[in-house]
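Computed from a prediction, not measured in an experiment: that's the story for all the values here. Below, chain A is the first sequence line, B the second, and so on; all start at residue 1.
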Amino acid sequence: MERVLAKDAKSSVGKNIVVKGWLHKKRLLGGLTFINVRDRSGVIQIVVEDKSEVEKLRGLQIGTVLSITGNVIEETRAPGGLELHDPKIEVLVPVTHESPIEIDKPLSHKSENLDTLFENRVIGLRNLQEQKIFKIRSGMVRLIRDFLYAQDFVEIHTPKLVAGATEGGAEVFKLDYFGKEATLAQSPQLYKQIMVGVFERVFEIGPTFRAELSATTRHVSEVTMLDIEMGFIDSHDDVLNLVGDMVFHVLSKTYETFADELKSLNAPELILKDKFPRYTVAKVHELYSKDTGQDTTDEKDLIPDEEKWICDYAKSKEGCEAVYVTHFPVEAMKFYHRINPDDPTTVMWADLLFRGLEIATCPEREIDYQKLIGQMKKAGINPEEPGYKYYLQAFRHGLPAHGGCGFGVDRFVEKTIGLGNIKEAILFPRDLNRLAP
RNA sequence: GGGCUCGUAGUGUAGUGGUCUAACACGCCUCCCUGUCACGGAGGAGAUCGCCGGUUCAAAUCCGGUCGAGCCCGCCA
C-alpha cells in the first residue's frame, strides 16, 4: 500500500491507508490511546484500542519511526477533524533514548537559554514551533528568488575560497590552501561586479564568513547573504527601488502565506508602505540627537541605538517599519563605492533598516578605472594583488554603471518573525563559541 | 579588545548564611483511567547546587580564582 501524508489523509476518508512518520506524542487513557505521528506534512492522530498494538510502543520514546496502517475516519473531536482507527503499528526504527529537549511544546528562546537550544539543535529542530521558523525562511528565500527571476536576474555561485585580498572592512578567516594562504570569502562583492559584465543582472544566495570578534544578538561568523548586482542603472535610485520593491513584495507575501505560523510565533504586526521613507545619515544624527540629547553628529556611521530609533520614528511618523538611510560619509566608504558627484563628502550608499536593524547595504559602484585605482590606493590596497587584478580586468574591458546590495538573509528572517537573536533564525549557527552541531 | 550579568536533576525555574537530608513544573518509569489534544489521578527514579580554593561553628547562598554561557559597547552585515 502506498504511503499517504498526514495532510492528504482527508481525501482518503473511509479507506485504509499507510502513514509513516515519527512518534510525536502518546496519550494513554486506559482502554484508549491517542498517538500523534509527525511526517513532513504535519501531524495526524491515531486512536488505538487494541492493547497488543499499544504494547508495541512500550519503552519506545518520542522520535520512534513508525509505519501505521489504519482506517481514515472523520471525527469532529479529533484535531483536524479526522483520525486513523483500528491501526496496525509497525516499528521501523525503535528509539529508546529519551528526548533531550521538549518536542511538542514551545522551546525557551530566552537569551540565557539559547546555548541549550543550540546544544540540542539536532532534536530541537523537530519541535513544531522551531520548524515553523525554517519553513518561513524557506518561503522567504523562494519569494526572493521568484522576484529576482521575474526581474531577469541570473542566479550565480561564486567561490568561497579566495586569494588573500579582500574587499576590506571585516576580519576574515585565513586558511592554508596547498601551501598558499587563502581566506574564506567575506562577501561575493568582487565576483558579482565582474558578473555584471556577463549577465548585467545577477544575484547569489550563499554563505559568507566573518571572523569578527563580535558577541551580540546580530552577529554570527557564517552569514547567509543575498547579493544582488545590476548593470545599466540610470541612477542610484534604480537600486534602491529594486531592493525596496523586493523587500515589500517578500514581506507582504510572507505575512499572507504564513499568517498562521507568524501568529503562533508571536510575530509583530507588519506595518509597511510600498515606498520606504528615506533619511540621510546627517538627518538621522540630527533627529536622534535632538530627541535623546545624545550628540551623534560626529559619528561616521549610525550607532546601534540610532538604527532602532529611526525605525521607531518612521513607524510612528510614516507608518513604515523599513527605512532607507542614505548619504553615508566618505570616511566610512569602501574603495569600490562611488563618491556622490554632487557632494564629495558623501557616498552613493544607502542602508536598508527594518525593525531596528541594518538588513542590507545598497551602494552604487565606482566604474571609472582611474578613480577606482585611486580609491584602492587610498585604502592601502595594491591593485596588482591576485585578488584585485582580475577584478580590475573586468573594468578595463567595460563595466556599465552598476550597483546592488549585500543583504543579510538571517537578519531579515529574524526581524520578520520578531525573534530576538539572529542565531534563532539559523539552523546551526556559527559564532565565537560554537562550531558544532 | 572593554564593560556588565548568569551557571541548581534531561528541560525550564524557586531557594541569596542555619528550618536544604535542596523545592516546583515539564519530561522519564510503574499503576489506574474509552475522547485525549499543555489529558487527569496515585506512586517512583533522577542534582556530588559548573570546577578549585578560602571565610565561617555552619556555604547552593559570602570572597578569590578558574571554566562555561549570555547581553551591551567597539568592530562589523
Asks: How close or far is atom P of B:C72 from atom CD of A:Glu307, stated in whole angstroms?
Replies: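 Result: 12 Å.
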Asks: Less than 4.0 angstrom from a charged side-chain N to a carboxylate O is my criterion; do A:Glu119 and A:Arg434 meet it?
Replies: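 A salt bridge links A:Glu119 with A:Arg434.
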Asks: Taking the nucleotide of RNA chain B with the nearest heavy atom to each, does A:Lys423 or A:Leu213 sit closer to the 5' end?
Replies: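 That would be A:Lys423.
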Asks: Is atom CZ of A:Arg3 surrounded by more than 12 heavy atoms (other residues, nucleotides or ligands) closer than 6.0 Å?
Replies: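 Yes, CZ of A:Arg3 has more than 12 neighbouring heavy atoms, counting only those of other groups under 6.0 Å.
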Asks: Across all strands, who's sitting opposite B:G68 as a Watson-Crick or G-U wobble pair, both distances under 3.5 Å?
Replies: B:C6
Asks: Calculate the interatomic distance between A:Leu432 atom CG and B:C73 atom C1'; express it in whole Å.
Replies: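 About 14 Å, once rounded to whole Å.
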Asks: Give one of base, sugar-phosphate or nothing for A:Ala360, where a contact means two heavy atoms less than 4.0 Å apart.
Replies: nothing
Asks: Across the strands shown, which category fits A:Asn433 at heavy-atom distances under 4.0 angstrom: base, sugar-phosphate, nothing?
Replies: sugar-phosphate
Asks: What is the nucleic acid contact for A:Asn421, judged by heavy atoms within less than 4.0 Å: base, sugar-phosphate only, or nothing?
Replies: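 Counting heavy atoms under 4.0 Å across all strands, the contact made by A:Asn421 is with sugar-phosphate only.
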Asks: Determine which nucleotide pairs with B:U16, using a 3.5 Å limit on both distances of a Watson-Crick or G-U wobble pair.
Replies: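 Paired with B:U16, as far as the under-3.5 Å criterion goes, is no nucleotide at all.
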Asks: Is it the case that the side chain of A:Asp8 and the backbone of A:Val4 share a donor-acceptor pair, with hydrogens and angles ignored and the cut-off at 3.5 Å?
Replies: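 Side chain of A:Asp8 to backbone of A:Val4, a donor-acceptor pair under 3.5 Å: no, none is there.
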Asks: If I pick the C1' atom on B:U61 and the same atom on B:A14, what distance separates them, to the nearest angstrom?
Replies: 13 Å
Asks: Starting from P on B:G10, measure out to CG on A:Asn120 and report it in whole angstrom.
Replies: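 My rounded result for the distance is 11 Å.
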Asks: Can you tell me, in whole Å, how much space there is between the C1' of B:C51 and that of B:U13?
Replies: 23 Å
Asks: Please give the distance between the P atoms of B:A23 and B:A9 as a whole number of Å.
Replies: 13 Å
Asks: What's A:Thr116 touching, base or sugar-phosphate or nothing? Going by heavy atoms closer than 4.0 Å.
Replies: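 Touches sugar-phosphate only.
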Asks: Measure the distance from CD1 on A:Ile101 to C1' on B:A9 and round it to the nearest whole Å.
Replies: 15 Å
Asks: Looking at A:Lys192 and A:Glu229, is there a salt bridge between them, counting it only when a charged N and a carboxylate O are closer than 4.0 Å?
Replies: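 Yes, charged N to carboxylate O under 4.0 Å.
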Asks: Between A:Phe203 and A:Tyr149, does the ring centre distance come in under 6.0 Å?
Replies: yes
Asks: Can you tell me how far C1' in B:G44 sits from the matching atom in B:U66, rounded to whole Å?
Replies: 38 Å
Asks: Does B:A38 have a Watson-Crick or wobble partner in any strand here, with both distances under 3.5 angstrom, and which is it?
Replies: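 With both distances under 3.5 Å required, B:A38 matches none.
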Asks: Using a 3.5 Å distance criterion without hydrogens, assess whether the side chain of A:Thr224 forms a donor-acceptor pair with backbone atoms of A:Asp410.
Replies: no
Asks: May I ask you to check whether over 12 heavy atoms, not counting those of A:Lys56, lie within 6.0 Å of atom NZ?
Replies: yes
Asks: Could you check A:Thr217 against A:Ser214 and say which one's nearest nucleotide on RNA chain B is further toward the 5' end?
Replies: A:Thr217
Asks: For B:C49, which nucleotide in any strand shown is its Watson-Crick or wobble partner with both distances under 3.5 Å?
Replies: none
Asks: Go ahead and name the base partner of B:G43; Watson-Crick or wobble counts if both distances stay under 3.5 Å, otherwise write none.
Replies: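 Answer to the pairing question: B:C29, which forms a Watson-Crick or G-U pair with B:G43.
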Asks: Tell me the interatomic distance from A:Glu119, atom CD, to B:G68, atom C1', rounded to whole angstroms.
Replies: 11 Å
Asks: For nucleotides 26-41 of chain B, read 5' to 3', which letter fits each nucleotide if B means a protein heavy atom sits under 4.0 Å from the base, S means only the sugar-phosphate is that close, and - means neither?
Replies: BBSSSS-BBBBB-B--
Asks: Charged N to carboxylate O under 4.0 angstrom, A:Asp39 versus A:Lys7?
Replies: no
Asks: Determine the contact category for A:Asn113: base if any of its heavy atoms lies under 4.0 Å from a base atom, sugar-phosphate if only primed atoms, P, OP1 or OP2 are that close, otherwise nothing.
Replies: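 Sugar-phosphate contact only - A:Asn113 comes under 4.0 Å of backbone atoms but never of a base.
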Asks: Select one nucleotide: of B:C76, B:U13, B:C71, the one nearest the side-chain heavy atoms of A:Lys110.
Replies: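 The closest nucleotide is B:U13.
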Asks: Expressed in angstrom and rounded to an integer, what is the separation of A:Phe118 atom CZ from B:U11 atom C1'?
Replies: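 Rounding to the nearest Å, CZ of A:Phe118 and C1' of B:U11 are 16 Å apart.
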Asks: When you compare B:A45 with B:G27, how far apart are their C1' atoms, in angstrom units rounded to a whole number?
Replies: 13 Å
Asks: If we take the P atom in both B:G7 and B:G50, what is their distance in whole Å?
Replies: 8 Å
Asks: Should the pair A:Arg218-A:Glu212 be classified as a salt bridge under the 4.0 Å nitrogen-to-oxygen rule?
Replies: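 Answer for the salt bridge query: no.
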Asks: Check the phosphate of B:G68 against A:Arg434, side-chain N and O only, distance under 4.0 Å to OP1 or OP2. Yes or no?
Replies: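 Answer is no, no contact under 4.0 Å.
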Asks: Respond yes when some side-chain nitrogen or oxygen of A:Lys415 is under 4.0 Å from OP1 or OP2 of B:A77, and no when none is.
Replies: no
Asks: With rounding to whole Å, what would you report as the distance between B:A58 and B:G43 at their P atoms?
Replies: 39 Å
Asks: Quick test of your reading of the model: are A:Arg121 and A:Glu130 salt-bridged, counting only N-O distances below 4.0 Å?
Replies: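 Between A:Glu130 and A:Arg121 there is a salt bridge, with a charged N closer than 4.0 Å to a carboxylate O.
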Asks: Whole angstrom is fine here: how far is it from CZ in A:Arg210 over to C1' in B:G74?
Replies: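 It works out to 17 Å between those atoms.
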Asks: Atom CD of A:Glu212 to atom P of B:G74: distance rounded to whole Å?
Replies: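 Between P of B:G74 and CD of A:Glu212: 13 Å.
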Asks: Using the C1' atom on both, measure B:C62 against B:U16 and round to a whole Å.
Replies: 10 Å
Asks: Counting only Watson-Crick or G-U wobble pairs whose two distances fall under 3.5 Å, which nucleotide matches B:C62?
Replies: B:G54
Asks: What's the closest nucleotide to the A:Thr216 side chain, out of B:C71, B:A77, B:C72?
Replies: B:C72
